[in-house]
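What follows is a set of notes on a single structure, which appears directly below.
These numbers were taken from a predicted model, which means no experiment stands behind them. Position 1 is the first residue of the sequence; numbering continues from there.
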Amino acid sequence: MRHGLLLVDKEPGCTSHDVVQQARRLVRQKKIGHCGTLDPAATGLLVLTLGKATRLTRFLINAPKVYSGTIRFGIATDTYDAAGEVVSENPTHSLTQEVVEATMAGIVGELDQAAPPFSAKKIKGVKYYELARRGEPVPESRKRISIFDFAPTGDLEEDRIGFRLSCSSGTYVRSLAHDLGRQLGPGAHLESLRRLQVGPFDISESVQIEDLAHQLEGGDEIAAGWVPFDSIPLPFFQLLADAQQERRLVNGQTVLVRETACEEGDWIKIVNQRQQLIAVGSVIERIGQGAVGVIRPRIVF
């Protein structure tokens, strides 16, 4: 069984689950997950977790994301993207590059964002899009998100503008496009979307499923797009355990660490002297005015 991350450049027209299923068939193992869904029409970086790495999903899924795409003004749809039914059409003669750019800049910061009515978000086990397709009311659900950067990448032409977006995990880019159109007046929808980055991972490091299939058909090991298990970067402090600490940790016992800058509750990535990832733990106590930290292993590999 393979253990690590597979960085896939998703093609349009398939779901994130489809990509997982394709990867399962190609690498011949069932234990594969992913760190953040992309809509079927979207393309770009999808981070797959394989084997033991699936236990790290909760630490990777909340990584910030970077996207590029196109917003079409004057036409609003029920799904907030190009796949939906048109619900309104309005003239766009009042729009200018300066107005659009200023409005996009005004969105930067923290905001409470509503999920689109056609989304996979669930209420009592039922997905929003199932309610929407049946014509039933979809409850408004808001979530606090952060927009780090949102700016045009070109000029406003033919009611379209390209953009680059840097945002926190959980941001609905479709909702962002819809809300931008509503603020400007004529409405808008997300015409295209491509994910460029997920945390430290970049689309340039990824592989397309077709190329992965060629690699494996030739009997080669996965090269492009592969991040070995012990090399997976985690968004918190790393502890180098000595031999005695390693023995305690793999048996589920706590260890003492001197002069750690971590606070109680902080997560810790723990590697041994061979730079192998042996556990993820947390600081459960600080002793002696914080000079010593007590680390408890939470996930042991």
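Residues Lys269 and Phe236 meet the side-chain proximity criterion, which asks for heavy atoms closer than 4.5 Å.
Relative orientation of the His178 and Tyr80 rings is parallel, given thresholds of 30° and 60° on the angle between their planes.
Distance alone, capped at 3.5 Å, is enough to place a donor-acceptor pair between the Gln273 side chain and the Ala241 backbone. Side-chain atoms of Arg195 do not come within 3.5 Å of backbone N or O of Thr43 as any donor-acceptor pair. Gln238 places no side-chain N or O within donor-acceptor distance of the main-chain N or O of Val271, the cut-off being under 3.5 Å. In this structure, Thr70 contributes its side chain and Gly162 its backbone to no donor-acceptor pair below 3.5 Å. Of the possible polar contacts, none joining the Asp179 side chain to the Leu176 backbone as a donor-acceptor pair under 3.5 Å is found. Remark: the backbone N or O of Gln276 is not paired with any side-chain donor or acceptor of Asp230 at under 3.5 angstrom. No donor-acceptor pair closer than 3.5 Å links the side chain of Asp18 to the backbone N or O of Cys14. For the pair Glu205 (side chain) and Asp202 (backbone), a donor-acceptor distance under 3.5 Å is present. With hydrogens and angles disregarded, a donor-acceptor distance shorter than 3.5 Å links the side chain of Arg174 to the backbone of Thr79. Of the possible polar contacts, none joining the Lys143 side chain to the Ala115 backbone as a donor-acceptor pair under 3.5 Å is found.
The CG atom of Leu95 sits 9.0 Å away from atom NE2 of His93, with the distance rounded to the nearest 0.5 Å.
Taken together through direct or relayed side-chain contacts under 4.5 Å among Ile, Leu, Val, Met, Phe, Trp and Tyr, Phe229 and Val300 form parts of separate hydrophobic clusters. Both Val173 and Leu111 belong to a common hydrophobic cluster when Ile, Leu, Val, Met, Phe, Trp and Tyr are linked at side-chain heavy-atom distances under 4.5 angstrom. Cluster annotation: Ile71 is not connected to Ile75 through the hydrophobic network of ILVMFWY side chains, with a link wherever side-chain heavy atoms come within less than 4.5 Å. Val207 and Leu46 end up in the same hydrophobic cluster when Ile, Leu, Val, Met, Phe, Trp and Tyr side chains are linked at under 4.5 Å.
Within a 6.0 Å sphere centred on CZ of Arg144, other residues, nucleotides and ligands contribute more than 12 heavy atoms. Heavy atoms of other residues, nucleotides or ligands lying less than 6.0 angstrom from CD of Gln275 number more than 12.
In summary, Asp81 and Arg72 do not engage in a salt bridge, as defined by a charged side-chain N under 4.0 Å from a carboxylate O.
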(request) Assess whether side chain to side chain donor-acceptor pair (under 3.5 Å) is satisfied between Glu246 and Asn272, documenting all intermediate values. (result) CA-CA 7 Å; Glu246 180 178 1; Asn272 61 17; 3.2 Å; yes
(message) For Gln21 and Arg24: C-alpha separation, side-chain torsions, deciding distance, then whether side chain to side chain donor-acceptor pair (under 3.5 Å) applies.
(response) CA-CA 5 Å; Gln21 292 292 79; Arg24 284 172 177 164; 2.6 Å; yes
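Partners of Phe150 by ring-ring contact (aromatic ring centres under 6.0 Å, His included), not counting sequence neighbours, listed by chain and number: Phe163.
Arg164 and Ser68 form no side-chain donor-acceptor contact under 3.5 Å, judged by distance and modelled atom types alone. If you check the side chains of Gln245 and Arg248, you find no donor sitting under 3.5 Å from an acceptor.
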